[in-house]
Asker: 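Take a look at this one; I'll ask things after.
If you're wondering where the values come from, they're calculated on a predicted model, not measured in any experiment.
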Amino acid sequence: MTTEPSTRTATGRGLTTGTLVAGLLAVCLAQIGLAIPATLNGLFQSDLHPVGSQLTWISDAFLLPVAVLELTFGLLGDLFGRKRLLIGGASLLAAGELVSATAPGIHQLWAGQALAGLGAAALFPTSLAILAAGTTSPAQRARIIAMWAALLSTGGFLAPLLGGITATYGSWRWSFVVVTAIAAASAAVSALFAVNSSAPAGRSLDVAGQLTIGLGLFSLLYAIIQGPTDGWASPSIIIAFALAAVFLAAFVLAEKRAKSPLLRLDLFRNRAFAVASVVAVVGMFAFLGTAYSVSIRLGPVQDQAPMRTALAFVLLNGITLVMLPLTERLLRTAAPGLLLGAGLLLIAAGDYWAATLPITDSAFTSLLLPLGLVGLGFAITVSSITATAVNTVPVHLAGMASATTNLLRDFGFTLGPAIIGAVALSRAASNFSDSLHDSALPGALKGAGTAVLDEGGPLAVNGASTTSPKLADLHPLALDALGHGYSIGFIVCGSAALFSALLALITLRGRAAPHTDSTEH
(Lines give C-alpha, C1' and ligand atoms only; values in the text may rest on other atoms or scores of the structure.)
Protein backbone atom coordinates (compact mmCIF):
# COMPACT_ATOMS: atom_id res chain seq x y z
CA MET A 1 0.00 0.00 0.00
CA THR A 2 1.28 3.46 -0.82
CA THR A 3 1.60 5.98 1.97
CA GLU A 4 0.84 9.66 2.26
CA PRO A 5 3.18 12.27 3.70
CA SER A 6 3.20 12.33 7.48
CA THR A 7 1.95 15.89 7.50
CA ARG A 8 -1.51 14.68 6.56
CA THR A 9 -3.81 13.90 9.44
CA ALA A 10 -4.86 10.25 9.71
CA THR A 11 -8.36 9.34 10.78
CA GLY A 12 -7.13 5.95 11.87
CA ARG A 13 -3.99 3.87 11.43
CA GLY A 14 -4.89 3.01 7.85
CA LEU A 15 -7.38 5.73 6.93
CA THR A 16 -6.03 9.15 6.05
CA THR A 17 -8.02 12.33 5.73
CA GLY A 18 -7.39 12.38 1.97
CA THR A 19 -8.83 8.89 1.55
CA LEU A 20 -11.79 9.74 3.74
CA VAL A 21 -12.62 12.87 1.71
CA ALA A 22 -12.16 11.06 -1.61
CA GLY A 23 -14.38 8.14 -0.60
CA LEU A 24 -17.15 10.32 0.81
CA LEU A 25 -17.11 12.67 -2.20
CA ALA A 26 -17.28 9.67 -4.54
CA VAL A 27 -20.39 8.16 -2.96
CA CYS A 28 -22.04 11.58 -2.79
CA LEU A 29 -21.35 12.07 -6.50
CA ALA A 30 -22.70 8.62 -7.39
CA GLN A 31 -25.93 9.28 -5.49
CA ILE A 32 -26.35 12.69 -7.11
CA GLY A 33 -26.11 11.02 -10.50
CA LEU A 34 -28.59 8.34 -9.45
CA ALA A 35 -31.18 10.72 -7.97
CA ILE A 36 -31.18 13.63 -10.40
CA PRO A 37 -33.31 12.15 -13.23
CA ALA A 38 -36.25 11.54 -10.86
CA THR A 39 -36.46 15.24 -10.02
CA LEU A 40 -36.68 16.16 -13.71
CA ASN A 41 -39.42 13.73 -14.82
CA GLY A 42 -41.94 16.49 -15.38
CA LEU A 43 -39.54 18.41 -17.62
CA PHE A 44 -38.57 15.27 -19.55
CA GLN A 45 -42.27 14.61 -20.15
CA SER A 46 -42.99 18.11 -21.44
CA ASP A 47 -39.78 18.57 -23.45
CA LEU A 48 -38.98 15.12 -24.88
CA HIS A 49 -42.52 13.65 -24.86
CA PRO A 50 -41.62 10.07 -23.83
CA VAL A 51 -44.38 7.50 -24.33
CA GLY A 52 -45.23 4.31 -22.51
CA SER A 53 -42.29 3.08 -20.44
CA GLN A 54 -39.76 5.51 -21.96
CA LEU A 55 -39.91 7.81 -18.91
CA THR A 56 -39.14 4.92 -16.56
CA TRP A 57 -36.17 3.91 -18.69
CA ILE A 58 -34.49 7.29 -18.11
CA SER A 59 -33.99 6.46 -14.43
CA ASP A 60 -33.38 2.76 -15.01
CA ALA A 61 -30.84 3.37 -17.78
CA PHE A 62 -28.62 4.71 -14.97
CA LEU A 63 -29.64 2.14 -12.37
CA LEU A 64 -29.31 -0.95 -14.55
CA PRO A 65 -25.49 -0.93 -15.00
CA VAL A 66 -25.18 -0.05 -11.31
CA ALA A 67 -27.14 -3.13 -10.29
CA VAL A 68 -25.52 -5.40 -12.86
CA LEU A 69 -21.86 -4.43 -12.48
CA GLU A 70 -21.28 -3.55 -8.82
CA LEU A 71 -20.04 -7.02 -7.95
CA THR A 72 -17.55 -6.91 -10.81
CA PHE A 73 -16.24 -3.49 -9.80
CA GLY A 74 -15.94 -4.66 -6.20
CA LEU A 75 -13.76 -7.50 -7.47
CA LEU A 76 -11.72 -5.24 -9.76
CA GLY A 77 -11.03 -2.93 -6.85
CA ASP A 78 -9.82 -5.84 -4.74
CA LEU A 79 -7.55 -7.01 -7.57
CA PHE A 80 -6.14 -3.84 -9.09
CA GLY A 81 -6.58 -1.17 -6.44
CA ARG A 82 -9.53 0.91 -5.34
CA LYS A 83 -7.99 4.30 -6.06
CA ARG A 84 -7.96 3.58 -9.79
CA LEU A 85 -11.66 2.75 -9.71
CA LEU A 86 -12.52 5.95 -7.85
CA ILE A 87 -10.75 7.96 -10.57
CA GLY A 88 -12.11 5.91 -13.48
CA GLY A 89 -15.65 5.76 -12.12
CA ALA A 90 -15.86 9.53 -11.65
CA SER A 91 -14.46 10.06 -15.16
CA LEU A 92 -17.04 7.74 -16.74
CA LEU A 93 -19.83 9.42 -14.81
CA ALA A 94 -18.64 12.83 -16.05
CA ALA A 95 -18.64 11.62 -19.65
CA GLY A 96 -22.13 10.14 -19.34
CA GLU A 97 -23.61 13.29 -17.85
CA LEU A 98 -22.08 15.36 -20.64
CA VAL A 99 -23.69 13.06 -23.21
CA SER A 100 -27.02 13.48 -21.39
CA ALA A 101 -26.70 17.27 -21.30
CA THR A 102 -26.37 17.43 -25.08
CA ALA A 103 -29.12 14.90 -25.84
CA PRO A 104 -31.52 16.03 -28.61
CA GLY A 105 -33.91 13.19 -27.83
CA ILE A 106 -34.78 10.35 -25.53
CA HIS A 107 -32.39 7.76 -26.98
CA GLN A 108 -29.19 9.77 -26.46
CA LEU A 109 -30.42 10.60 -22.96
CA TRP A 110 -30.70 6.86 -22.26
CA ALA A 111 -27.18 6.32 -23.61
CA GLY A 112 -25.73 9.09 -21.47
CA GLN A 113 -27.44 7.83 -18.33
CA ALA A 114 -26.24 4.29 -18.99
CA LEU A 115 -22.63 5.52 -19.31
CA ALA A 116 -22.98 7.58 -16.14
CA GLY A 117 -24.45 4.53 -14.37
CA LEU A 118 -21.39 2.54 -15.40
CA GLY A 119 -19.24 5.06 -13.56
CA ALA A 120 -21.50 4.97 -10.49
CA ALA A 121 -21.29 1.17 -10.48
CA ALA A 122 -17.58 1.57 -9.79
CA LEU A 123 -18.01 4.33 -7.20
CA PHE A 124 -20.63 2.81 -4.90
CA PRO A 125 -18.77 -0.36 -3.77
CA THR A 126 -15.28 1.09 -4.12
CA SER A 127 -15.97 4.12 -1.94
CA LEU A 128 -17.20 1.94 0.92
CA ALA A 129 -14.47 -0.67 0.51
CA ILE A 130 -11.61 1.85 0.50
CA LEU A 131 -12.96 3.41 3.70
CA ALA A 132 -13.70 0.13 5.47
CA ALA A 133 -10.23 -1.18 4.57
CA GLY A 134 -8.58 1.55 6.64
CA THR A 135 -10.60 1.06 9.83
CA THR A 136 -9.00 -0.58 12.84
CA SER A 137 -11.87 -1.17 15.27
CA PRO A 138 -15.62 -1.91 15.23
CA ALA A 139 -16.34 1.54 16.69
CA GLN A 140 -14.34 3.29 13.99
CA ARG A 141 -15.97 1.20 11.28
CA ALA A 142 -19.45 2.07 12.63
CA ARG A 143 -18.52 5.75 12.53
CA ILE A 144 -17.19 5.51 8.97
CA ILE A 145 -20.23 3.54 7.74
CA ALA A 146 -22.54 6.15 9.28
CA MET A 147 -20.58 8.91 7.53
CA TRP A 148 -20.65 7.01 4.22
CA ALA A 149 -24.44 6.53 4.50
CA ALA A 150 -24.88 10.19 5.43
CA LEU A 151 -22.94 11.34 2.35
CA LEU A 152 -24.96 8.95 0.21
CA SER A 153 -28.11 10.65 1.47
CA THR A 154 -26.48 14.06 1.07
CA GLY A 155 -26.18 13.29 -2.62
CA GLY A 156 -29.82 12.26 -2.55
CA PHE A 157 -31.02 15.67 -1.37
CA LEU A 158 -28.43 17.78 -3.22
CA ALA A 159 -29.56 16.26 -6.52
CA PRO A 160 -33.14 17.55 -6.39
CA LEU A 161 -32.00 20.97 -5.18
CA LEU A 162 -29.58 21.11 -8.09
CA GLY A 163 -32.28 19.91 -10.48
CA GLY A 164 -34.86 22.32 -9.12
CA ILE A 165 -32.59 25.37 -9.24
CA THR A 166 -31.16 24.72 -12.70
CA ALA A 167 -34.58 23.81 -14.13
CA THR A 168 -36.17 26.93 -12.65
CA TYR A 169 -33.52 29.36 -13.83
CA GLY A 170 -32.19 27.55 -16.88
CA SER A 171 -32.81 24.09 -18.31
CA TRP A 172 -32.74 20.46 -17.20
CA ARG A 173 -29.59 20.16 -19.32
CA TRP A 174 -27.68 22.41 -16.90
CA SER A 175 -28.31 19.88 -14.15
CA PHE A 176 -26.20 17.35 -16.02
CA VAL A 177 -23.52 19.98 -16.76
CA VAL A 178 -23.14 20.72 -13.05
CA VAL A 179 -22.91 17.00 -12.23
CA THR A 180 -20.17 16.73 -14.87
CA ALA A 181 -18.18 19.38 -13.01
CA ILE A 182 -18.67 17.65 -9.65
CA ALA A 183 -17.50 14.35 -11.19
CA ALA A 184 -14.36 15.99 -12.56
CA ALA A 185 -13.62 17.39 -9.10
CA SER A 186 -14.13 13.97 -7.51
CA ALA A 187 -11.74 12.34 -9.95
CA ALA A 188 -9.13 15.00 -9.19
CA VAL A 189 -9.47 14.63 -5.40
CA SER A 190 -9.12 10.84 -5.66
CA ALA A 191 -6.07 11.13 -7.90
CA LEU A 192 -4.32 13.62 -5.63
CA PHE A 193 -5.22 12.51 -2.12
CA ALA A 194 -6.63 8.96 -1.89
CA VAL A 195 -4.39 6.16 -0.60
CA ASN A 196 -4.68 2.98 -2.63
CA SER A 197 -5.77 -0.33 -1.08
CA SER A 198 -6.53 -3.78 -2.42
CA ALA A 199 -7.23 -7.33 -1.28
CA PRO A 200 -6.13 -9.59 -4.16
CA ALA A 201 -5.52 -12.74 -2.11
CA GLY A 202 -7.63 -15.54 -3.54
CA ARG A 203 -9.46 -13.27 -6.01
CA SER A 204 -9.56 -13.56 -9.80
CA LEU A 205 -11.92 -12.59 -12.59
CA ASP A 206 -15.13 -14.62 -12.77
CA VAL A 207 -16.32 -14.21 -16.36
CA ALA A 208 -19.08 -16.82 -16.16
CA GLY A 209 -20.48 -15.27 -13.01
CA GLN A 210 -20.53 -11.75 -14.45
CA LEU A 211 -22.13 -12.79 -17.72
CA THR A 212 -24.88 -14.83 -16.09
CA ILE A 213 -25.81 -12.29 -13.42
CA GLY A 214 -25.65 -9.43 -15.92
CA LEU A 215 -27.93 -11.14 -18.43
CA GLY A 216 -30.23 -12.40 -15.66
CA LEU A 217 -30.76 -9.00 -14.05
CA PHE A 218 -31.15 -7.24 -17.40
CA SER A 219 -33.77 -9.75 -18.56
CA LEU A 220 -35.70 -9.42 -15.30
CA LEU A 221 -35.74 -5.63 -15.31
CA TYR A 222 -36.60 -5.48 -19.00
CA ALA A 223 -39.64 -7.68 -18.40
CA ILE A 224 -40.81 -5.61 -15.43
CA ILE A 225 -40.37 -2.24 -17.14
CA GLN A 226 -41.78 -3.22 -20.55
CA GLY A 227 -44.62 -5.35 -19.19
CA PRO A 228 -47.24 -2.56 -19.03
CA THR A 229 -46.34 -1.34 -22.54
CA ASP A 230 -45.93 -4.65 -24.38
CA GLY A 231 -48.49 -6.60 -22.35
CA TRP A 232 -47.65 -9.08 -19.58
CA ALA A 233 -48.69 -12.03 -21.73
CA SER A 234 -46.76 -10.91 -24.82
CA PRO A 235 -44.09 -13.34 -26.09
CA SER A 236 -41.23 -10.87 -25.51
CA ILE A 237 -42.12 -10.43 -21.83
CA ILE A 238 -42.64 -14.15 -21.20
CA ILE A 239 -39.31 -14.91 -22.88
CA ALA A 240 -37.57 -12.20 -20.82
CA PHE A 241 -38.88 -13.64 -17.53
CA ALA A 242 -37.83 -17.15 -18.63
CA LEU A 243 -34.34 -15.95 -19.57
CA ALA A 244 -34.05 -14.18 -16.21
CA ALA A 245 -34.83 -17.42 -14.35
CA VAL A 246 -32.38 -19.42 -16.47
CA PHE A 247 -29.48 -16.96 -16.21
CA LEU A 248 -29.91 -16.35 -12.46
CA ALA A 249 -29.97 -20.12 -11.84
CA ALA A 250 -26.87 -20.40 -14.02
CA PHE A 251 -25.20 -17.69 -11.91
CA VAL A 252 -25.73 -19.71 -8.74
CA LEU A 253 -24.25 -22.81 -10.40
CA ALA A 254 -21.33 -20.81 -11.78
CA GLU A 255 -20.51 -19.36 -8.36
CA LYS A 256 -20.60 -22.78 -6.74
CA ARG A 257 -18.04 -24.10 -9.23
CA ALA A 258 -15.79 -21.04 -9.55
CA LYS A 259 -12.37 -21.16 -7.90
CA SER A 260 -12.62 -17.44 -7.21
CA PRO A 261 -16.33 -16.57 -7.30
CA LEU A 262 -17.67 -13.11 -7.95
CA LEU A 263 -19.89 -13.69 -4.93
CA ARG A 264 -19.08 -16.18 -2.20
CA LEU A 265 -22.42 -17.84 -1.58
CA ASP A 266 -21.26 -19.00 1.86
CA LEU A 267 -21.57 -15.37 2.98
CA PHE A 268 -25.31 -16.00 3.06
CA ARG A 269 -24.86 -18.70 5.73
CA ASN A 270 -24.35 -15.77 8.07
CA ARG A 271 -27.93 -15.03 9.15
CA ALA A 272 -27.33 -11.32 9.68
CA PHE A 273 -25.75 -10.94 6.25
CA ALA A 274 -28.52 -12.96 4.57
CA VAL A 275 -31.31 -10.99 6.23
CA ALA A 276 -29.58 -7.68 5.48
CA SER A 277 -29.36 -8.77 1.85
CA VAL A 278 -33.09 -9.48 1.60
CA VAL A 279 -33.94 -6.24 3.39
CA ALA A 280 -31.56 -4.34 1.12
CA VAL A 281 -33.58 -5.40 -1.92
CA VAL A 282 -37.13 -5.18 -0.54
CA GLY A 283 -36.61 -2.22 1.79
CA MET A 284 -34.77 -0.09 -0.73
CA PHE A 285 -37.36 -0.95 -3.37
CA ALA A 286 -39.91 0.52 -0.96
CA PHE A 287 -37.88 3.71 -0.49
CA LEU A 288 -37.08 4.51 -4.12
CA GLY A 289 -40.52 3.36 -5.22
CA THR A 290 -41.86 6.00 -2.82
CA ALA A 291 -39.50 8.64 -4.21
CA TYR A 292 -40.48 7.75 -7.77
CA SER A 293 -44.19 7.94 -6.93
CA VAL A 294 -43.70 11.36 -5.37
CA SER A 295 -41.75 12.64 -8.38
CA ILE A 296 -44.48 11.51 -10.80
CA ARG A 297 -47.26 12.86 -8.56
CA LEU A 298 -45.70 16.32 -8.30
CA GLY A 299 -44.23 16.49 -11.82
CA PRO A 300 -46.06 14.91 -14.79
CA VAL A 301 -49.40 14.44 -12.94
CA GLN A 302 -49.88 17.68 -10.96
CA ASP A 303 -47.47 19.75 -13.10
CA GLN A 304 -45.96 21.48 -10.08
CA ALA A 305 -42.75 23.52 -10.18
CA PRO A 306 -39.44 21.57 -10.11
CA MET A 307 -38.55 23.13 -6.75
CA ARG A 308 -41.56 21.38 -5.17
CA THR A 309 -40.10 18.05 -6.21
CA ALA A 310 -36.72 19.20 -4.94
CA LEU A 311 -38.13 19.99 -1.50
CA ALA A 312 -39.83 16.60 -1.36
CA PHE A 313 -36.52 14.86 -2.02
CA VAL A 314 -34.81 16.98 0.63
CA LEU A 315 -37.32 15.56 3.11
CA LEU A 316 -36.70 12.02 1.91
CA ASN A 317 -32.90 12.21 1.96
CA GLY A 318 -31.77 15.14 4.10
CA ILE A 319 -32.80 13.68 7.45
CA THR A 320 -29.98 11.13 7.19
CA LEU A 321 -27.34 13.86 7.42
CA VAL A 322 -29.07 15.58 10.33
CA MET A 323 -29.28 12.27 12.20
CA LEU A 324 -25.62 11.34 11.67
CA PRO A 325 -24.51 11.66 15.34
CA LEU A 326 -27.51 9.67 16.58
CA THR A 327 -27.16 7.06 13.85
CA GLU A 328 -23.50 6.48 14.70
CA ARG A 329 -24.39 5.94 18.36
CA LEU A 330 -27.26 3.59 17.51
CA LEU A 331 -25.04 1.49 15.23
CA ARG A 332 -22.67 0.93 18.15
CA THR A 333 -25.24 0.30 20.87
CA ALA A 334 -28.52 -1.04 19.44
CA ALA A 335 -29.40 -4.49 18.12
CA PRO A 336 -29.38 -4.54 14.28
CA GLY A 337 -32.80 -6.18 14.07
CA LEU A 338 -34.38 -3.48 16.19
CA LEU A 339 -32.80 -0.70 14.13
CA LEU A 340 -33.77 -2.20 10.80
CA GLY A 341 -37.27 -3.01 12.01
CA ALA A 342 -37.88 0.47 13.42
CA GLY A 343 -36.62 2.21 10.29
CA LEU A 344 -38.71 0.09 7.96
CA LEU A 345 -41.84 0.50 10.08
CA LEU A 346 -41.46 4.27 9.75
CA ILE A 347 -41.18 3.93 5.96
CA ALA A 348 -44.31 1.77 5.90
CA ALA A 349 -46.27 4.25 8.02
CA GLY A 350 -45.30 7.14 5.74
CA ASP A 351 -46.29 5.22 2.61
CA TYR A 352 -49.68 4.18 3.94
CA TRP A 353 -50.33 7.79 4.94
CA ALA A 354 -49.29 9.11 1.51
CA ALA A 355 -51.66 6.63 -0.16
CA THR A 356 -54.63 8.37 1.48
CA LEU A 357 -53.87 11.80 -0.02
CA PRO A 358 -56.23 12.71 -2.88
CA ILE A 359 -54.53 13.54 -6.16
CA THR A 360 -56.42 16.86 -6.25
CA ASP A 361 -54.56 17.93 -3.09
CA SER A 362 -51.60 19.90 -4.41
CA ALA A 363 -50.64 21.50 -1.08
CA PHE A 364 -47.05 20.63 -0.19
CA THR A 365 -47.88 20.73 3.51
CA SER A 366 -49.97 17.58 3.07
CA LEU A 367 -46.82 15.67 2.15
CA LEU A 368 -44.63 16.97 4.97
CA LEU A 369 -45.41 14.38 7.63
CA PRO A 370 -45.73 11.31 5.36
CA LEU A 371 -42.45 12.06 3.59
CA GLY A 372 -40.81 13.00 6.88
CA LEU A 373 -41.62 9.54 8.25
CA VAL A 374 -40.22 7.87 5.13
CA GLY A 375 -37.06 10.01 5.30
CA LEU A 376 -36.54 9.26 8.99
CA GLY A 377 -37.03 5.55 8.34
CA PHE A 378 -34.56 5.62 5.47
CA ALA A 379 -31.96 7.40 7.62
CA ILE A 380 -32.06 4.54 10.11
CA THR A 381 -32.43 1.74 7.58
CA VAL A 382 -29.70 2.53 5.06
CA SER A 383 -26.95 2.73 7.70
CA SER A 384 -28.23 -0.36 9.51
CA ILE A 385 -28.27 -2.49 6.36
CA THR A 386 -24.70 -1.56 5.49
CA ALA A 387 -23.38 -2.00 9.03
CA THR A 388 -25.16 -5.33 9.53
CA ALA A 389 -23.71 -6.75 6.32
CA VAL A 390 -20.17 -5.36 6.41
CA ASN A 391 -19.57 -5.73 10.16
CA THR A 392 -20.24 -9.47 10.07
CA VAL A 393 -17.50 -10.41 7.58
CA PRO A 394 -13.70 -10.24 7.86
CA VAL A 395 -12.11 -7.00 6.68
CA HIS A 396 -10.36 -8.77 3.80
CA LEU A 397 -13.84 -9.58 2.45
CA ALA A 398 -15.04 -6.00 2.89
CA GLY A 399 -14.82 -5.36 -0.86
CA MET A 400 -17.02 -8.33 -1.71
CA ALA A 401 -19.45 -7.68 1.15
CA SER A 402 -19.79 -3.98 0.36
CA ALA A 403 -20.17 -4.70 -3.36
CA THR A 404 -22.83 -7.32 -2.63
CA THR A 405 -24.71 -5.03 -0.27
CA ASN A 406 -24.50 -2.17 -2.75
CA LEU A 407 -25.65 -4.39 -5.62
CA LEU A 408 -28.67 -5.63 -3.68
CA ARG A 409 -29.52 -2.16 -2.39
CA ASP A 410 -29.27 -0.66 -5.86
CA PHE A 411 -31.12 -3.58 -7.41
CA GLY A 412 -33.89 -2.72 -4.97
CA PHE A 413 -33.57 0.91 -6.06
CA THR A 414 -33.85 -0.21 -9.70
CA LEU A 415 -36.96 -2.23 -8.95
CA GLY A 416 -38.60 0.84 -7.36
CA PRO A 417 -39.31 2.85 -10.53
CA ALA A 418 -39.72 -0.35 -12.59
CA ILE A 419 -42.34 -2.06 -10.46
CA ILE A 420 -44.15 1.03 -9.23
CA GLY A 421 -44.23 2.45 -12.75
CA ALA A 422 -45.60 -0.86 -14.03
CA VAL A 423 -48.24 -1.21 -11.30
CA ALA A 424 -49.35 2.42 -11.26
CA LEU A 425 -49.50 2.93 -15.03
CA SER A 426 -51.24 -0.40 -15.65
CA ARG A 427 -53.85 0.41 -13.03
CA ALA A 428 -54.23 4.00 -14.25
CA ALA A 429 -54.68 2.89 -17.87
CA SER A 430 -57.35 0.39 -16.85
CA ASN A 431 -59.19 2.91 -14.66
CA PHE A 432 -59.07 5.62 -17.33
CA SER A 433 -60.34 3.24 -19.99
CA ASP A 434 -63.24 2.11 -17.78
CA SER A 435 -64.13 5.66 -16.73
CA LEU A 436 -63.99 6.88 -20.33
CA HIS A 437 -66.24 4.05 -21.48
CA ASP A 438 -68.81 4.79 -18.75
CA SER A 439 -68.72 8.58 -19.18
CA ALA A 440 -71.23 10.72 -21.05
CA LEU A 441 -68.55 12.35 -23.19
CA PRO A 442 -69.09 12.58 -26.97
CA GLY A 443 -68.03 9.58 -29.03
CA ALA A 444 -65.43 11.56 -30.94
CA LEU A 445 -63.78 12.67 -27.70
CA LYS A 446 -63.83 9.11 -26.37
CA GLY A 447 -62.12 7.97 -29.54
CA ALA A 448 -59.47 10.67 -29.23
CA GLY A 449 -58.86 9.75 -25.58
CA THR A 450 -58.49 6.07 -26.46
CA ALA A 451 -56.06 6.91 -29.26
CA VAL A 452 -53.84 9.01 -26.98
CA LEU A 453 -53.99 6.29 -24.30
CA ASP A 454 -52.94 3.61 -26.77
CA GLU A 455 -50.14 5.78 -28.14
CA GLY A 456 -48.57 7.16 -24.95
CA GLY A 457 -50.37 5.82 -21.88
CA PRO A 458 -52.25 7.67 -19.12
CA LEU A 459 -49.47 10.22 -18.52
CA ALA A 460 -49.73 11.28 -22.17
CA VAL A 461 -53.51 11.69 -21.81
CA ASN A 462 -53.01 13.80 -18.70
CA GLY A 463 -50.45 16.01 -20.43
CA ALA A 464 -52.43 16.37 -23.66
CA SER A 465 -55.68 17.18 -21.84
CA THR A 466 -53.88 19.94 -19.93
CA THR A 467 -52.49 21.68 -23.01
CA SER A 468 -55.21 21.03 -25.60
CA PRO A 469 -58.62 22.72 -25.10
CA LYS A 470 -60.24 20.07 -27.30
CA LEU A 471 -59.20 17.35 -24.86
CA ALA A 472 -59.77 19.33 -21.64
CA ASP A 473 -62.79 17.25 -20.62
CA LEU A 474 -60.55 14.19 -20.44
CA HIS A 475 -58.36 15.75 -17.74
CA PRO A 476 -60.48 14.92 -14.67
CA LEU A 477 -60.69 11.27 -15.76
CA ALA A 478 -56.92 11.03 -16.41
CA LEU A 479 -56.05 12.82 -13.16
CA ASP A 480 -58.30 10.56 -11.10
CA ALA A 481 -56.96 7.42 -12.78
CA LEU A 482 -53.33 8.41 -12.19
CA GLY A 483 -54.06 9.38 -8.59
CA HIS A 484 -55.57 5.96 -7.94
CA GLY A 485 -52.71 4.21 -9.71
CA TYR A 486 -49.97 5.91 -7.72
CA SER A 487 -51.90 5.52 -4.46
CA ILE A 488 -51.67 1.79 -5.08
CA GLY A 489 -47.95 2.36 -5.70
CA PHE A 490 -47.60 3.86 -2.21
CA ILE A 491 -49.48 0.88 -0.74
CA VAL A 492 -47.17 -1.57 -2.51
CA CYS A 493 -44.12 0.29 -1.15
CA GLY A 494 -45.56 0.37 2.37
CA SER A 495 -46.33 -3.34 2.28
CA ALA A 496 -42.79 -4.13 1.12
CA ALA A 497 -41.35 -2.05 3.98
CA LEU A 498 -43.66 -3.73 6.47
CA PHE A 499 -42.60 -7.19 5.29
CA SER A 500 -38.93 -6.25 5.61
CA ALA A 501 -39.50 -4.82 9.10
CA LEU A 502 -41.13 -8.01 10.34
CA LEU A 503 -38.37 -10.13 8.79
CA ALA A 504 -35.67 -8.08 10.55
CA LEU A 505 -37.43 -8.02 13.90
CA ILE A 506 -38.10 -11.76 13.89
CA THR A 507 -34.76 -13.04 12.58
CA LEU A 508 -32.16 -10.56 13.84
CA ARG A 509 -32.20 -10.95 17.59
CA GLY A 510 -29.25 -9.83 19.65
CA ARG A 511 -26.09 -8.34 18.28
CA ALA A 512 -23.80 -9.93 15.71
CA ALA A 513 -20.16 -9.93 16.69
CA PRO A 514 -18.20 -7.94 14.15
CA HIS A 515 -15.05 -9.32 12.58
CA THR A 516 -11.88 -7.36 13.06
CA ASP A 517 -9.53 -9.22 10.74
CA SER A 518 -7.44 -6.59 9.01
CA THR A 519 -5.74 -8.51 6.21
CA GLU A 520 -5.21 -5.86 3.55
CA HIS A 521 -2.59 -5.05 0.97
Side-chain angles (χ1 to χ4, degrees), residues 41-60 105-107 109-110 222-241 292-293 295-304 355 357-362 417-492:
N41 277 325
L43 299 176
F44 294 148
Q45 184 72 40
S46 61
D47 190 12
L48 302 177
H49 309 293
V51 297
S53 60
Q54 288 184 338
L55 189 63
T56 303
W57 273 113
I58 296 174
S59 290
D60 277 337
I106 198 76
H107 296 93
L109 183 56
W110 287 347
Y222 176 86
I224 292 171
I225 295 171
Q226 286 297 123
T229 301
D230 297 350
W232 294 107
S234 66
S236 62
I237 300 304
I238 293 174
I239 290 171
F241 275 123
Y292 182 75
S293 296
S295 76
I296 298 297
R297 175 189 173 98
L298 296 178
V301 178
Q302 294 184 338
D303 195 28
Q304 297 204 45
L357 300 177
I359 195 62
T360 53
D361 183 0
S362 59
I419 292 179
I420 298 306
V423 169
L425 292 177
S426 293
R427 188 67 178 178
S430 177
N431 282 1
F432 176 78
S433 183
D434 291 343
S435 298
L436 185 64
H437 180 269
D438 296 337
S439 72
L441 294 174
L445 186 57
K446 287 184 178 182
T450 301
V452 176
L453 180 68
D454 292 340
E455 175 68 23
L459 284 173
V461 177
N462 186 69
S465 63
T466 302
T467 57
S468 172
K470 295 180 179 180
L471 301 177
D473 289 339
L474 297 175
H475 186 65
L477 300 181
L479 187 66
D480 182 71
L482 287 166
H484 185 69
Y486 282 97
S487 289
I488 292 176
F490 283 123
I491 292 172
V492 171

Asker: For residues 478-489, which side-chain N or O atoms pair as donor and acceptor with protein atoms under 3.5 Å away, sequence neighbours left out?
Answerer:
residue : atom : partner : partner atom : Å
Ser487  : OG   : Ala355  : O            : 3.3
Ser487  : OG   : Gly483  : O            : 2.9

Asker: Please round to the nearest 0.5 Å and tell me the distance separating atom CD1 of Ile420 and atom CZ of Phe490.
Answerer: 9.0 Å
Asker: Taking Gln226 for its side chain and Ile237 for its backbone only, find out whether a donor-acceptor pair lies under 3.5 Å.
Answerer: no
Asker: Can you tell me how far the NE2 atom of His475 sits from the OG1 atom of Thr467, to the nearest 0.5 Å?
Answerer: 10.5 Å
Asker: If the condition is ring-ring contact (aromatic ring centres under 6.0 Å, His included), which residues does His107 pass it with, not counting sequence neighbours?
Answerer: Trp110
Asker: Is a side-chain N or O of Gln302 found less than 3.5 angstrom from the main chain of Asp361, in a donor-acceptor match?
Answerer: yes
Asker: Measure across Gly231 and Ser234 and return the closest heavy-atom pair with its distance rounded to 0.1 Å.
Answerer: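 Here Gly231 and Ser234 meet closest at O-OG, 2.7 Å.
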Asker: Determine yes or no for a side-chain-to-main-chain donor-acceptor pair under 3.5 angstrom, with Ser465 supplying the side chain and Val461 the backbone.
Answerer: yes
Asker: Using 0.5 Å steps for rounding, measure from the CG atom of Asn462 to the CG atom of Asp303.
Answerer: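 Reported to 0.5 Å precision, the distance equals 8.5 Å.
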Asker: Could you grab the distance from atom OH of Tyr222 to atom CG of Asp230, nearest 0.5 Å is fine?
Answerer: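 Going from OH on Tyr222 over to CG on Asp230, the span is 5.0 Å.
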Asker: Quick one: CG on Asp473 to OG on Ser439, what's the gap to the nearest 0.5 Å?
Answerer: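 The OG atom of Ser439 is 9.5 Å from CG of Asp473, to the nearest 0.5 Å.
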Asker: Counting only pairs under 3.5 Å, give me each side-chain donor-acceptor contact of residues 424-436, with atom names and distances, residues two or more places apart or in other chains.
Answerer:
residue : atom : partner : partner atom : Å
Ser426  : OG   : Ala422  : O            : 2.8
Ser435  : OG   : Asn431  : O            : 2.9

